[in-house]
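Every value quoted in this text rests on a predicted model; they were computed, and no experiment measured them.
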Number of protein chains: 2
Amino acid sequence: MLTEERQKFILDTLNKKGIVKVNELVKTTDASESTIRRDLTHLEDLNKLKRVHGGATLLEGRYNEASFKDKLIHKQEEKVAIAKHAASLIEDGDSIYLDAGTTIYEMTQFINQKDIFVVTNGIDNVEPLLEKGINVYILGGKIKSKTKAVTGVDAITNLSKFRFDKAFLGMNAIHLEYDLTTPDTEEAKMKEKAIDLSGESFVLVDDSKFNKVSFVKVADLDRVTVITNKENRHYEEYLQKTDIEVGTE
Amino acid sequence: MLTEERQKFILDTLNKKGIVKVNELVKTTDASESTIRRDLTHLEDLNKLKRVHGGATLLEGRYNEASFKDKLIHKQEEKVAIAKHAASLIEDGDSIYLDAGTTIYEMTQFINQKDIFVVTNGIDNVEPLLEKGINVYILGGKIKSKTKAVTGVDAITNLSKFRFDKAFLGMNAIHLEYDLTTPDTEEAKMKEKAIDLSGESFVLVDDSKFNKVSFVKVADLDRVTVITNKENRHYEEYLQKTDIEVGTE
DNA sequence: TATATTATGATTGGTTGTGACTGATAATAA
DNA sequence: TTATTATCAGTCACAACCAATCATAATATA
């Protein structure tokens with residue numbers, strides 16, 4: 001049985017039964033325990049299942065929502081690696097700003113600190129955080145239908161009264177000369193304000209966003225720490241302008 | 001049976017029966033008494049159940065609202081009838097307030113007017129409305145994890161600047177003498193404020209909520225129009241105190 | 001062809017879950 | 001009240017499970 005084939009089989013079985021056991025998989029797939037374990041670990045990294053002692057279960061809350069599946073496929077693996085690394089930076093007691101957007105949304109799955117306070121403008125971030133028992137504050141304002149982000153004057157006003165330890169932001173483009181840019185004016189303002197209000201700011205971008213320019217400037221590169229998934233070809237040059245952290249699973 | 005599997009089984013059984021006994025679980029799960037006991041202790045730590053001598057019970061008192069998903073199933077058909085009728089009252093050009101809660105959530109799928117402006121404190125209401133191309137404004141503030149409602153001082157402040165044509169509210173109890181009541185102080189304030197700000201206010205309640213009293217008073221009966229699913233036994237008396245509309249699919 | 005890269009199964013020592021047992025505590029009956 | 005029984009939390013040794021490592025086999029790349 002091929003690796004991919006076996007992993008697909010595991011997911012299929014899981015979807016049918018809701019839970020799989022290492023023992024049973026060893027018998028049914030005729031692979032060794034080590035291999036099954038590796039498969040499960042890998043699939044967990046991809047956020048496809050949850051490992052438990054003796055096997056794995058379905059992720060709760062996530063699998064049923066059909067509409068999300070599509071968006072999350074693009075650069076899924078990279079986003080997960082980045083999100084995981086970003087989430088690991090959160091410490092107990094932190095007050096955090098979470099931007100809207102799919103990469104940041106991935107982060108919510110990996111946040112383990114409960115004693116934190118999260119402010120967000122992303123509707124989709126709310127539920128997974130609440131499920132983890134985390135305090136969530138949603139910014140008030142008009143909601144953009146495309147990104148499900150809260151933006152506008154009210155959102156900025158609402159945001160302004162907070163001070164954050166750390167802000168985590170998505171971004172559409174990052175460039176050595178034109179810095180951080182995004183297509184929407186309103187969202188750009190939100191991001192900029194969040195950077196202003198935060199002790200440290202992290203921008204999460206996969207490697208496809210590098211050396212691109214979008215419409216509205218958000219901030220200079222040196223005001224943030226960039227988190228990405230691999231060292232791209234201009235890595236050294238970027239390092240001279242900003243901090244870069246690489247999440248590698 | 002894996003640990004997680006067994007614990008899920010315990011919770012499922014508990015939700016079905018309302019109470020579980022250590023003895024019975026030992027037989028049905030084929031685990032030892034020690035293990036079952038450990039499971040129950042663990043689940044109690046997670047606030048999933050309450051341990052009692054000989055087993056465990058659900059933790060649902062008077063101030064303890066059933067979780068969102070459970071509520072969705074409860075009285076589903078009645079809720080749809082009510083929601084449908086309520087949605088039919090919305091007219092083009094209206095500015096609307098939608099409360100959080102499952103009954104109001106049902107409304108969202110029956111709203112056909114696009115040229116309206118909706119303000120809501122219910123996270124779950126946002127997505128279906130956006131999908132229909134409706135303008136949505138979410139109130140900012142702390143989110144209650146159980147009901148996914150935005151509440152608190154900020155939410156009230158945020159709410160106060162609006163004026164609505166119509167407000168649609170859920171309610172936990174309705175009573176001839178004690179009027180409209182709900183278990184949560186913060187949510188009660190939100191509902192009251194919404195009534196203050198709205199030309200007309202509608203309270204959506206299925207027949208099981210009649211002649212009951214909850215903890216915090218929201219408003220007098222005569223300030224709202226009640227929408228319910230059937231004429232209950234005190235119908236005539238209620239009619240003298242308030243307007244009632246009956247949604248019958 | 002030679003040389004990386006990746007996937008695999010076996011082995012290790014450490015961790016977690018388990019069942020049996022204990023004496024203590026709570027419910028129930030006399 | 002006291003006696004009896006059921007249930008309890010705590011401890012122990014053992015089994016199941018785990019991540020980490022290694023050598024080997026399969027596959028890809030030069």
Is there a side-chain hydrogen bond (donor to acceptor under 3.5 Å, both in side chains) between Gln113(A) and Asp92(A)? Walk through the geometry before answering. CA-CA 6 Å; Gln113(A) 286 70 21; Asp92(A) 258 320; 5.5 Å; no
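- Across the protein-nucleic acid pair, Leu43(A) atom CG and dA7(C) atom P stand 13 Å apart, rounded to whole Å.
- With rounding to whole Å, Arg6(A) atom CZ is found 7 Å from dG9(C) atom P.
- The main-chain N or O of Leu221(A) is found under 3.5 Å from a side-chain atom of Asp179(A) such that the two form a donor-acceptor pair.
- Ring geometry for Tyr178(B) against His175(B) counts as tilted: the plane angle lies between 30° and 60°, on a 0 to 90° scale.
- The CG-P distance, from Asp39(B) to dT16(C), rounds to 17 Å in whole Å.
- Counting to the nearest Å, the P atom of dT8(C) and the CG atom of Leu25(A) are 14 Å from each other.
- Rounded to a whole Å, the CD atom of Gln7(B) is 13 Å from the C1' atom of dT16(C).
- Among Asn229(B), Thr102(B), Asp206(B), the single residue meeting the side chain to side chain donor-acceptor pair (under 3.5 Å) criterion with Lys79(B) is Thr102(B).
- Remark: the backbone N or O of Phe202(A) is not paired with any side-chain donor or acceptor of Thr225(A) at under 3.5 angstrom.
- With rounding to whole Å, His42(B) atom NE2 is found 13 Å from dT16(C) atom P.
- For the side chain to side chain donor-acceptor pair (under 3.5 Å) with Arg6(A), the qualifying choice from Asp30(A), Thr28(A), Thr29(A), Asp39(A) is Asp39(A), the only one to do so.
- Applying the 4.0 Å criterion to OP1 and OP2 of dG9(C), one finds that Thr35(A) has a side-chain N or O inside that range.
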Would you list the protein and nucleotides 17-19 of chain D atom pairs, both N or O, that sit under 3.5 Å from each other?
from: dC17(D); atom 1: OP1; to: Asn23(A); atom 2: ND2; distance (Å): 3.4
from: dC17(D); atom 1: OP2; to: Asn23(A); atom 2: ND2; distance (Å): 3.1
from: dC17(D); atom 1: O3'; to: Gly54(A); atom 2: N; distance (Å): 3.1
from: dC18(D); atom 1: OP1; to: Arg51(A); atom 2: NH2; distance (Å): 3.2
from: dC18(D); atom 1: OP1; to: Val52(A); atom 2: O; distance (Å): 3.3
from: dC18(D); atom 1: OP1; to: Gly54(A); atom 2: N; distance (Å): 2.5
from: dC18(D); atom 1: OP2; to: Arg37(A); atom 2: NH1; distance (Å): 2.2
from: dC18(D); atom 1: O5'; to: Arg37(A); atom 2: NH1; distance (Å): 3.0
from: dA19(D); atom 1: OP2; to: Arg51(A); atom 2: NH1; distance (Å): 3.4

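- With hydrogens and angles disregarded, a donor-acceptor distance shorter than 3.5 Å links the side chain of Tyr238(A) to the backbone of Ile174(A).
- From Leu98(A), atom CG reaches atom CD1 of Ile111(A) across 5.0 Å, with rounding to the nearest 0.5 Å.
- In this structure, Lys209(A) has no side chain to side chain donor-acceptor pair (under 3.5 Å) partners at least two apart in sequence or on a different chain.
- Atom-to-atom, CG of Leu40(B) to C1' of dA9(D) comes out at 13 Å; the value is rounded to the nearest Å.
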Take nucleotides 20-26 of chain D nucleotide by nucleotide from the 5' end and write B, S or -, depending on whether a protein heavy atom sits under 4.0 Å from the base, only from the sugar-phosphate, or from neither. -------
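- Remark: C1' of dA27(C) and NZ of Lys21(B) are 15 Å apart, rounded to the nearest angstrom.
- Between Thr3(B) and dT18(C), a side-chain N or O to OP1/OP2 separation shorter than 4.0 Å is present.
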